[in-house]
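These notes concern the structure reproduced below.
Bear in mind the structure is a predicted one, so any value in this text is a computation, not a measurement. Lettering follows sequence order; numbering is per chain, from 1.
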2 protein chains.
Amino acid sequence: MKDQSTEENILKAAISVFQKKGMAGARMQEIADEAKINKAMLHYYYKSKQKLFEAVFRQAFEKFAPHINQVFNSDKSVFEKITEFTDSYISFVMENPYLPNFLIQEINNNPEFADIFFGSEIAPNPLRFKKQIAEEIEMGILRPIDPKQLLLNLFSLTAFSFVGTGLVRGILNLDEKTFKSMMEERKILIPELLINSIKK
Amino acid sequence: MKDQSTEENILKAAISVFQKKGMAGARMQEIADEAKINKAMLHYYYKSKQKLFEAVFRQAFEKFAPHINQVFNSDKSVFEKITEFTDSYISFVMENPYLPNFLIQEINNNPEFADIFFGSEIAPNPLRFKKQIAEEIEMGILRPIDPKQLLLNLFSLTAFSFVGTGLVRGILNLDEKTFKSMMEERKILIPELLINSIKK
DNA sequence: ACATTTATTAACCATTTGGTTAAACTATTT
DNA sequence: AAATAGTTTAACCAAATGGTTAATAAATGT
């Protein structure tokens, strides 16, 4: 092989462009330019825009899923899970600011395609977590709550700031620096808020 | 005039297509088809795709802003504002499911353009609300909290479920009916959660 | 060293897409 | 009714875009 890294350069460039512009807005030429290769190479390694997109989507999904799975499948207590997820997820997204938006957008635009992922093994499965909640309620640690609503609250509070960055920052008039320091604050604030609302 | 409604048919069709597919994914032909007119009419009434998009964006922004302004500018108490916003916003979005996503997406893709709106008079201004929070803290009604974080929590909890519908429903395995009934529940749940976290 | 496979490029192609034009049709004015 | 202004359409156009091809260059096996 002449250059082992060509294929991964393409994927890297594709990730960058697709995540910023989405499937519809991304241009094959722009990806080629960013990867500093000829456009034909895109089709040599990935045969079509759709296939390249799918590689990008898979990569994003596989990077994202472990955070959810940590909540769904680890042996920690519910309180610990909330605290640890909030911290690790916010840190993660601050390093990958386009990722949640990209996933959300493309899943919304492409429900049938997304269902392939939600049907696969890498897809997070909330069953164990639901059981855990039931147990901790039984044990008198938690109030009687709906695990789905708790998860929705957790995901909303952690993810929305990043997904809706532009709108949020526009409405609240936040500059980059203020936004970032608020996100750091939220690593404490969110677990506090949630744990307080569910602990007996 | 031959048909008074042609122009508004176009706008209606444009709203439908742009909100579902976004600026990049929308096709002028599809808008024309949905409006059941010739494609040239789009350029006759709105001179370009960009102009038509701007009309759609403005309409969406103007439909959305009053909900925020009710929080920012009404004379209600903070508790009342939280309760009323949650209820009215969730109802509103259930009738306009594509709107928040559309706004967020296009603002993120087009920050310079969005800044025009955030600089205009229709843009919500959080100043009065911040003052109100300070007053209610002073009066001993509220704990010392950051108004920005409170607003972020409120917007996150109400909006994220709709913006991230596909992802949320995929991860939590929710069917249409369950999702809707959860949203109804949230009209109660969210104010409870938030008020409890800020009341002294 | 030579043949073969793999990698890369420039040029090209077909389709899609936003946009235009000129003619036809309809309503309004005089 | 004739002229005028406003509305609508079919056909067309140029640029953009995803994709292909044929030739070349580089690596690899024998």
Review point. Is there a donor-acceptor pair closer than 3.5 Å between any side-chain N or O of B:Thr158 and the backbone N or O of B:Phe155?
Key: yes

Taking 4.0 Å as the cut-off, does a side-chain nitrogen or oxygen of [X] come that near to OP1 or OP2 on [N]?
X: B:Tyr44; N: D:dT9; value: no
X: B:Arg27; N: C:dT16; value: no
X: A:Thr6; N: C:dT8; value: yes
X: A:Ser48; N: D:dG18; value: no

In whole Å, what is the span from the [atom1] atom of [X] to the [atom2] atom of [N]?
X: B:Ile10; N: D:dT9; atom1: CD1; atom2: P; answer: 10 Å
X: B:Lys36; N: D:dT9; atom1: NZ; atom2: P; answer: 13 Å
X: B:Leu42; N: C:dT17; atom1: CG; atom2: C1'; answer: 13 Å
X: B:Met28; N: D:dA15; atom1: CE; atom2: P; answer: 19 Å
X: B:Tyr45; N: C:dT20; atom1: OH; atom2: P; answer: 17 Å
X: B:Tyr46; N: D:dT7; atom1: OH; atom2: P; answer: 13 Å

Check your understanding: Which part of the nucleic acid does B:Ala26 contact within heavy-atom distance under 4.0 Å: base, sugar-phosphate only, or nothing?
Key -> sugar-phosphate

Check your understanding: Start at the 5' end of DNA chain D and walk down; is the nucleotide closest to A:Ala40 or to A:Met23 reached first?
Key -> A:Met23

Practice item. With DNA chain C as reference, determine whether A:Met41 or B:Gln29 sits nearer its 5' end, using the nearest nucleotide of each. Key: A:Met41

**Study point:** Cation-pi check, B:Arg169 onto B:Phe179 ring (under 6.0 Å, within 45° of axis)
**Key:** yes

Check your understanding: Between B:Lys187 and B:Glu184, is there a side-chain N and carboxylate O pair less than 4.0 Å apart?
Key -> yes

**Study point:** salt_bridge(A:Glu30, A:Lys21) N-O dist < 4.0 Å
**Key:** yes

Review point. Between D:dT9, C:dT8, C:dG19, which nucleotide has the shortest distance from any of its atoms to the side chain of B:Lys39?
Key: C:dG19

